[in-house]
Amino acid sequence: QVLLVESGGDSVQAGGSLRLSCAVSGYSYRVSCMGWYRQASGKEREAVATIETERFTTTYIDSVKGRFTISQDNSENTLYLQMNGLKPEDTATYYCAAAPLRIGVPCNVGHGQMDYWGQGTQVSVSS
């Protein structure tokens with residue numbers, strides 16, 4: 001059974017930092033697309049950042065470029081999202097997701113075929 005468990009969400013003031021973690025278990029695809037998504041209240045879920053696990057290629061949505069960093073620790077089977085310079089508009093539930101890398105489906109923030117999802121962790125940023 002594949003499990004993705006997020007942690008690290010919190011309430012912070014604008015300008016603060018958080019690091020989200022996603023512990024992955026039961027997942028055996030060596031070459032994968034993994035990502036962080038978020039959903040704010042009343043809005044659709046959006047991709048925030050992705051990473052291709054073999055070449056470590058990363059992509060970000062424009063609104064977080066230069067502030068967020070996605071990374072992975074294969075030895076710990078953990079995905080991270082370092083978030084700096086947080087803004088109130090970053091307030092959302094953040095989810096990690098994973099899928100095996102598929103031919104014809106690029107690993108970027110347009111990826112819409114994630115197979116596995118975590119339960120989410122809440123990030124709240126006050127002004």
Side-chain angles (χ1 to χ4, degrees):
Q1 181 183 3
V2 177
L3 284 176
L4 282 69
V5 181
E6 302 95 336
S7 62
D10 205 345
S11 297
V12 298
Q13 290 192 329
S17 297
L18 286 173
R19 188 176 80 156
L20 304 183
S21 300
C22 174
V24 182
S25 61
Y27 186 81
S28 59
Y29 295 99
R30 185 179 64 84
V31 183
S32 299
C33 183
M34 302 192 74
W36 286 97
Y37 292 70
R38 67 186 180 186
Q39 187 167 21
S41 179
K43 295 186 178 181
E44 292 188 356
R45 185 174 61 196
E46 64 174 351
V48 175
T50 62
I51 185 167
E52 194 261 79
T53 62
E54 184 175 52
R55 296 177 296 171
F56 305 103
T57 305
T58 59
T59 69
Y60 300 88
I61 54 172
D62 287 345
S63 62
V64 307
K65 285 180 180 177
R67 299 189 298 123
F68 290 12
T69 303
I70 187 172
S71 62
Q72 62 186 64
D73 185 332
N74 288 338
S75 66
E76 295 185 354
N77 294 326
T78 303
L79 182 71
Y80 298 102
L81 184 68
Q82 177 67 42
M83 305 187 295
N84 299 326
L86 282 161
K87 303 176 181 180
E89 52 263 43
D90 296 318
T91 295
T93 301
Y94 283 72
Y95 301 89
C96 64
L101 197 64
R102 298 183 173 97
I103 295 173
V105 183
C107 183
N108 57 38
V109 289
H111 194 297
Q113 299 183 28
M114 291 296 186
D115 293 335
Y116 305 101
W117 294 85
Q119 83 291 345
T121 187
Q122 178 67 37
V123 172
S124 298
V125 185
S126 59
S127 58

Search all heavy atoms of [X] against all heavy atoms of [Y] and return the closest pair with its distance.
| X | Y | value |
| --- | --- | --- |
| Pro106 | His111 | O-CD2, 3.5 Å |
| Ser127 | Pro88 | CB-CG, 3.9 Å |
| Arg67 | Gly85 | NH1-O, 2.9 Å |
| Gly9 | Leu20 | N-CD2, 3.6 Å |
| Asp115 | Pro100 | OD2-CD, 3.3 Å |
| Arg30 | Glu54 | NH1-OE2, 3.0 Å |

Out of curiosity, does [Y] fall in the hydrophobic cluster containing [X] (side-chain heavy atoms, cut-off under 4.5 Å, transitive links)?
| X | Y | value |
| --- | --- | --- |
| Val109 | Leu81 | yes |
| Leu18 | Leu4 | yes |
| Val31 | Leu79 | no |
| Val48 | Tyr95 | no |
| Val64 | Tyr80 | no |

Rounded to the nearest 0.5 Å, what separation is found between the [atom1] atom of [X] and the [atom2] atom of [Y]?
| X | Y | atom1 | atom2 | result |
| --- | --- | --- | --- | --- |
| Met83 | Asp10 | CE | CG | 9.5 Å |
| Met34 | Cys107 | CE | SG | 10.0 Å |
| Ser41 | Gln122 | OG | CD | 9.0 Å |
| Ser63 | Glu46 | OG | CD | 6.0 Å |
| Thr93 | Glu6 | OG1 | CD | 9.5 Å |
| Ser17 | Leu86 | OG | CG | 6.5 Å |

Can you check whether [Y]'s main-chain N or O pairs, donor with acceptor, with [X]'s side chain at less than 3.5 Å?
| X | Y | answer |
| --- | --- | --- |
| Tyr60 | Ile70 | yes |
| Gln72 | Thr53 | yes |
| Ser124 | Thr91 | no |

Can you confirm whether Met114 sits close enough to Cys33 that some side-chain heavy atom of one is under 4.5 Å from a side-chain heavy atom of the other?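 When only atoms from C-beta onward are counted, Cys33 and Met114 do touch, with a gap below 4.5 Å.
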
Discussion item. For the aromatic rings, using the six-membered ring if either is Trp, is the centroid distance between Tyr27 and Tyr116 under 6.0 Å?
Written reply: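 Close enough - the centres of the two rings lie under 6.0 Å apart.
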
Does the ring centre of Trp117 sit less than 6.0 Å away from the ring centre of Tyr37?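 That pair passes the under 6.0 Å test.
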
Point to revise | Asp62/Lys65 salt bridge by N-O under 4.0 Å criterion | key: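 Asp62 and Lys65: salt-bridged.
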
**Report entry** Neighbour count >12 (heavy atoms, 6.0 Å) for atom CD, Gln13
**Finding:**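 Not buried by this count: 12 neighbours or fewer within 6.0 Å.
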
